[in-house]
Structures are given as C-alpha cells and as structure tokens.
Amino acid sequence: MLSSNDYRYENVRSRIAFLLRFGAWSAFVAVGAATFFYIPWKNNFEPYVLATGISLMLLSASLIVTPLARFSNCLNNYAPRPRWIYLIIGFGVILRIAWVISVEPKQTSDMVSYMQAAQRIVDSGDYLYQLADGHIFYAWRAVGYPAVLALFITLLGSNEWVPFVVNLLSYIGCSLVIYKLAKLTTESHRSGLLAALMFAVWPAHIMMSGLALGEGFSLFLFTFVVYALILTFERESARWAILTGLVSGVAVLTRPSLLVIPVLWFLFWLMQTRRSWYRLALVAVATITMAATVAPWSYRNFEKLGAVIPVSTNGGDNFYRANNPLADGTFKSAGERDLSAYAHDEVLWNETGYEWGKQWIAENPGQFILLAIRKQGILLGDETFAAAWSLDRAFDPPHGFYRGAANLSTLWWTLIWILTVAGVWKQRRFLISSPQAGFVLWMSLLFVVIHSVYESQDRYHLPMIGILCVLATLWFDDEIDPDKSGS
C-alpha cells in the first residue's frame, strides 16, 4: 500500500507525464494550423493569407465533421498482406530511377562542395574546405554525409551517379523504418503500408534522387532514431539502446543540431505512465553510445584546431547570419558586421559568430521573435527546393518541367498537412494518452525549434517528412482506443 508521500509523488509524476503528452499534441496542432497560413504567405498570396489559411483549416476540419469522414474508413474493408510493403518500395524505386533518367542530375552549390570534400577524403584522407578567400577550414561542415559519399566513391568509383545510389539506399531503408514506425505507433499494419506509399510518391523526395544533398540521408537516420528508441523502451533492450546511440552519433555527425536529442529521450521517459528506472538507464546507455560515436571526430578536431569542437565550426557563422539587423530568415551570404575578418582563425570565427548573434538577440528580443516566426514560415510554407535545385538552378533557362513540378510539390505538401492535422485532431484521445505518440510529436517539432533560431530553408524540413507520413495516416483509421497507448 502506498504511503501518503508515495501517493503524492505518483500524482505529481502522472501530471507531468500528461502535461508533456498534451503539450506535444497542442504544440503540433498549433504548428499545423500556422502552416495553413504560412503556405499562402510563402507562395506570394499575401493579400489572401488570412482567407486561404482559414479555408485550409476548414478543409482539414471538414475531413472530421462532415460525411467526408466516412471515406476515412474505406480502407478498413481491406486486409493488406505484409509483402505489399516490398511492392510499394519497388514502386518508389522505379519512380526514382525514372526521374533521374528523365532529368539529368546536375550538382550545384552545396552539392559540388560535398562531392569535392568526399573526393578529397578518398584521394588524400584529408577532410578540409578551401574557402573563396583562400582560408582552409578543417571542420567547416559536418563530416557525416561527405564521409558516406567517400565510402561509395571508394566502392563504386568516381561516378556521377554515386549520390543517386546513396539516396536510393536511404529511400529503401527509410521506407522500411516508416512502415515499422507507423505499425509500432498505431498498431495498424494498414497504416504502415499507407505511410510507406505516401513516402514512395513524395514528389520532392523523388526530384532530389540524383542530387548530392544530405537531407535524404539525414531523413533516414532521424526516422530510424525515433523508431529505435521507441523499440528500446518497448523491449527494454540494451542492444537497441546501443544501436540507437550509434545511429544517433552518425546522425549528429551529419546534422550537428541533433546533439540535443538526448533531451527528448529524457522527455520520453518522463511521459511514461510507468517510469522504469531501467528505461532511464537505457536512455543513459543510448546517450553515452552517441557521445562515444561522435568522440573520435571531436578528438580529431581538437588535434587540428586546439579547441573543443564536437562536430563542425559553421554553426557560429550560420547563427550570426540568421540573427542580425540584415537577417530575413533564410540564407544570407553575410551579416551586418564583417565576420570574414576572423576567418584566419577557424575557432575564433565560429565563436565570434555565436557571440555577435547572442548579443543581437539580447538587444532585440522583439525582432528576434518576429524573425523566428518568419523562419518558421520559410521552413513550412512550401516544398519547392527539389524542383528548384533539379530543374531551375541547374538549367539556363529553367527546365520546362520546373513550374509544374514546383506547383505539384506545393500541392502535395499542402495535402499532407491537411490530412495530418485532421488525423492528429481525430485521434487526439489516443495521441494524448500515448507516450510513444507524444515522443513522435516532440521529435517532429525539433526542426521547427532549431530553424526558428538558425537560418531556415524549406529543404531543412525534409528530415521530418517520415513522421508526417505516419501522422497523415491517422485520418484513415477508426478512432484508436487509448488503451492501446502503452506505458
């Protein structure tokens, strides 16, 4: 029998768990509602932002409260077979092969930089970047994606289709993870297949198939980390905790902003209705393994630069360019103050960028908040990056498919959010009761938070589309029993 102190402790713990789960659901719904206004703003419908945003919200609501909701049950009469997942993945592979055959991949901008860095690793074993002003940086960008490209260049040779192979394998792996994550979260095999199908036909992901952009690889790693940690808790498995940490370490080496994900793992533990101390120990194991995976690279940076640089040094420059009087939320080549004067010292350059950015935020908190909202709009307002990189910037004049491809991408992005918000609202009782669902929602919001501070582009939301595929399928299910939410 519980003592009065034990009872109070359990009561407080339950309240914290509920508030974290409810907070995740509420924050996601708020972001989804805001996205309905960001989309017309980003697509230059500024006179009609309010009307369009309200119309999209009403359209999403109509999927729940009108006869259209009955359509969501149409798939309940079908009993899909497990092997259909391989047909769906195969269909996605065919679409991506057809795209690169139809549109020749041309590497530009960051893609050229990644390929050159990868080739340098293969040729000399060195990882460095020579900037336009002649300065050499040894940790300018995260090493993860160039290292993967270098691995495949070593295996396949210096071929122009190496990025396509990396992207295709990332697609296959991510499809399987999305399928399993949807099944694990909703306990619905049909939801898993539908989520994989949405991912297979995702226009932007198809269009970037041949491009040396690290977002596709990051998407696979990030989605796997979400799935692996849920499975770690489900099975209370140290092996899965170690695997979670290893993959998270690679993800951090690819996208340094993910260094904060152990905080969300701890929140997942707090969201449990039954908090096992063993599960908390598993979070510690995953965190230590992640740190151990990143540590060799951090040590290499210390030897090269004489300072503690966990992954890369471009964070300070990015942070300042995103937070200064000239910042408009997206990429700017320079801020108001000349940071290039410190480029002779890579570490000082990085530290000065952070110092100047923090100073501007402290002096202009109101402008920072408004700029953060603008950055969210840039991140979530459309998804034309793949069409732009593959059909516009690589061709002069732009490829004839460009305008149609950009419109298709934006239409798909809008449709996904309509379904996602409808599904998240429809299944609110289940989502608020489920620690797993709360964790998935918090993880999806991570990139919104990160790119409310750092610079924002629509391609930076790509790592969250696996989770959006899972959430968009919720509308097609009958209301899920909260008793399935697990502990």
Side-chain angles (χ1 to χ4, degrees), residues 23 26-28 30-31 33-35 37-38 41-42 44 46 49-50 53 110 129 131-133 135 137 139-142 252 255-264 267 301 305-382 442 444-461 464:
S26 301
F28 188 89
V31 167
T35 299
F37 295 91
Y38 292 148
W41 170 77
K42 184 75 182 295
N44 300 317
E46 292 187 6
V49 166
L50 185 61
D110 290 354
Y129 290 88
L131 304 189
D133 57 8
H135 292 107
F137 279 15
W140 181 42
R141 283 182 165 157
V252 168
R255 201 178 183 100
S257 56
L258 295 179
L259 273 168
V260 301
I261 56 176
V263 175
L264 297 180
L267 289 183
N301 287 343
L305 303 173
V308 177
I309 303 292
V311 180
S312 61
T313 56
N314 64 343
D317 173 56
N318 183 309
F319 184 72
Y320 175 63
R321 286 186 288 103
N323 298 283
N324 74 88
L326 300 182
D328 63 1
T330 190
F331 174 78
K332 286 280 190 180
S333 59
E336 182 186 47
R337 301 165 73 177
D338 185 14
L339 193 57
S340 64
Y342 298 87
H344 63 280
D345 186 328
E346 185 174 353
V347 174
L348 181 61
W349 176 77
N350 181 49
E351 293 175 345
T352 303
Y354 275 116
E355 180 182 338
W356 287 356
K358 292 175 184 177
Q359 180 183 350
W360 182 83
I361 292 171
E363 294 173 353
N364 303 275
Q367 292 182 49
F368 170 71
I369 293 172
L370 293 176
L371 188 59
I373 295 172
R374 182 180 179 86
K375 290 172 184 175
Q376 291 179 18
I378 293 169
L379 180 73
L380 301 171
D382 67 9
W442 277 125
S444 70
L445 294 169
L446 176 61
F447 295 101
V448 179
V449 175
I450 290 171
H451 293 292
S452 296
V453 178
Y454 289 86
E455 76 176 33
S456 186
Q457 297 181 40
D458 58 332
R459 69 180 170 121
Y460 293 158
H461 72 232
M464 67 187 284

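If you read the sequence from its start, that first residue is 1, and numbering goes on from there.
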Inter-residue atom distance R374.CZ - K42.NZ, 0.5 Å rounding: 10.0 Å
Assess whether atom OH of Y129 is packed by more than 12 heavy atoms of other residues, nucleotides or ligands within 6.0 Å. yes
So, using ring pair (Phe, Tyr, Trp, His ring centres under 6.0 Å) as the criterion, who are the partners of F368 when residues are at least two apart? none
Modelled atom types, side-chain donor and acceptor of S452 and Q376, under 3.5 Å: yes
The complete set of side chain to side chain donor-acceptor pair (under 3.5 Å) pairs with one or both residues in residues 344-353, sequence neighbours excluded, reads T313-E346
With side-chain contact (heavy atoms from CB on, under 4.5 Å) as the test, would you mind laying out the steps for Q367 and W360 before giving the verdict? CA-CA 9 Å; Q367 292 182 49; W360 182 83; 3.8 Å; yes
Inter-residue atom distance K375.NZ - S456.OG, 0.5 Å rounding: 8.0 Å
Roughly how far, to the nearest 0.5 Å, is CG of D382 from OH of Y38? 13.5 Å
Side-chain donor or acceptor of N324 paired with backbone N/O of G335 under 3.5 Å: no
Taking ring pair (Phe, Tyr, Trp, His ring centres under 6.0 Å) as the test, write out the residues that go with F319, two or more places apart. Y354, Y454
I need the I378 CD1 to D458 CG distance, nearest 0.5 Å. 9.5 Å
CZ/F331 to OG/S333 distance, rounded to the nearest 0.5 angstrom? 5.5 Å
I want to check something: taking the side chain as every heavy atom from C-beta on, are L348 and E355 in contact at a cut-off of under 4.5 Å? no
State, to 0.1 Å, how close L371 and A322 come at their nearest heavy-atom pair, and which atoms those are. CD2-O, 3.2 Å
Check N301 against A139 and note the closest heavy-atom contact, atom names and distance. OD1-CB, 3.6 Å
Between CG on residue N318 and NZ on residue K332, distance to nearest 0.5 Å: 14.5 Å
Counting only N and O atoms by type, is there a donor-acceptor contact under 3.5 Å from the side chain of Y320 to the main-chain atoms of G315? no
Is it the case that Y460 and E455 place a side-chain donor and acceptor less than 3.5 Å from each other? yes
Inspect the contact between R321 and D328 and indicate whether a charged nitrogen and a carboxylate oxygen are less than 4.0 angstrom apart. no
Within-4.5 Å side-chain heavy-atom neighbours: R141 and S312: no
Taking V453's backbone N and O only, do any of them form a donor-acceptor pair with N323's side chain (distance below 3.5 Å, no angle check)? yes
